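The structure appears right after this line, and notes come after that.
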Amino acid sequence: RKEVEQDPGPFNVPEGATVAFNCTYSNSASQSFFWYRQDCRKEPKLLMSVYSSGNEDGRFTAQLNRASQYISLLIRDSKLSDSATYLCVVRGAAGNKLTFGGGTRVLVKP
Amino acid sequence: ETGVTQTPRHLVMGMTNKKSLKCEQHLGHNAMYWYKQSAKKPLELMFVYNFKEQTENNSVPSRFSPECPNSSHLFLHLHTLQPEDSALYLCASSHGTGVSGANVLTFGAGSRLTVL
């Protein structure tokens, strides 16, 4: 089983629609969780950290389910500019190792 | 422009060449990283430096040789590479390497390497 696993997609989303996808992690002792966004041929950029109680940043909502060992990202009212690959990142119990998932590609279409 | 600058942005080299990738961060961070991103694969951590000391070498072949002269600069020296080493090499920095929420990564734009 991969340490961090994501559905590669692509998720084809009509503009204005809602899309959600998950990321599963194998190490139950993982400490912290993040979503990064990577545009085509660009570097990854932090989208948001994921807190235990769940958190929201504008149209983006992240949730953590420790019991089932997954995090989720929901995008409401999708914009064309939301088209990107969304990377799930997990920090391990040792603290200094960040493991990236393979990314979920989202394509928002008019 | 991010606070992490990588040069060159593109590099083509033969298998017998020696070249170096450079990374500089202007964020006052103490930790710096090299990641490799190949097509269809997750980012792979290569090296971690914290306060210019190497704290992680993720079983990287010796044909990749990192150098961290200070907390702001990181190099990746390349020699006798193989075609399968062609990839995007991303440098990143963070405040530290612990579990604190402050220790998120800021990436540079990457150096796209092609080995012929």
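In this text, all values refer to a predicted model and were calculated from it rather than measured experimentally. Note on naming: letters A, B, ... go to the chains in the order of the sequence lines (proteins, then strands), and numbering restarts at 1 for each one. For the numbers below, each heavy atom of this structure counts, side chains included, while hydrogens, waters and symmetry mates do not.
Residue-environment remark: CZ (A:R105) stays at or below the threshold of 12 foreign heavy atoms within 6.0 Å. Atom CD of A:E3 sits in a sparse spot, with 12 or fewer heavy atoms from other residues, nucleotides or ligands closer than 6.0 Å.
Looking at B:Q37, only its side chain comes within 4.5 Å of chain A, counting heavy atoms on both sides. For A:Y51, no part lies under 4.5 angstrom from a heavy atom of chain B. Residue contact with chain B, scored on non-hydrogen atoms closer than 4.5 Å, involves the side chain of A:Q38 exclusively.
In this structure, CG in B:L88 is found 12.0 Å from NZ in A:K42, a value given to the nearest 0.5 Å. Atoms OH and CZ, on B:Y35 and A:F100 in that order, are 4.5 Å from each other to the nearest 0.5 Å.
Closest approach of A:G101 and B:P42 over heavy atoms only: O-CB, 3.8 Å. Considering all non-hydrogen atoms of both residues, A:R91 and B:V104 come closest at NH2-N, 4.5 Å.
Put simply, A:V4 and A:L47 are part of the same group of oily side chains (I, L, V, M, F, W, Y) that touch within less than 4.5 Å, one to the next. When the side chains of ILVMFWY residues are joined at heavy-atom separations under 4.5 Å, either directly or via intervening members, B:M32 and B:M46 end up in a single hydrophobic cluster. A:Y25 and A:V89 are not part of a single hydrophobic cluster, where members link through side-chain heavy atoms under 4.5 Å apart. No single ILVMFWY cluster, assembled from side-chain heavy atoms under 4.5 Å apart, contains both B:V4 and B:Y49. Tracing side-chain contacts under 4.5 Å through hydrophobic residues (I, L, V, M, F, W, Y), one never reaches A:L87 starting from A:L64; they form parts of separate clusters.
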- Message: A:E43 vs B:Q6, test: side chain to side chain contact (heavy atoms under 4.5 Å, CB included). Steps then yes/no.
- Response: CA-CA 11 Å; A:E43 74 274 22; B:Q6 289 188 242; over 6 Å; no
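Two residues are said to be in side-chain contact when any heavy atoms from C-beta on lie closer than 4.5 Å; B:L105 and A:L46 fail this criterion. Proximity of A:P44 to B:L43: side-chain heavy atoms (C-beta onward) are separated by under 4.5 Å at one or more points.
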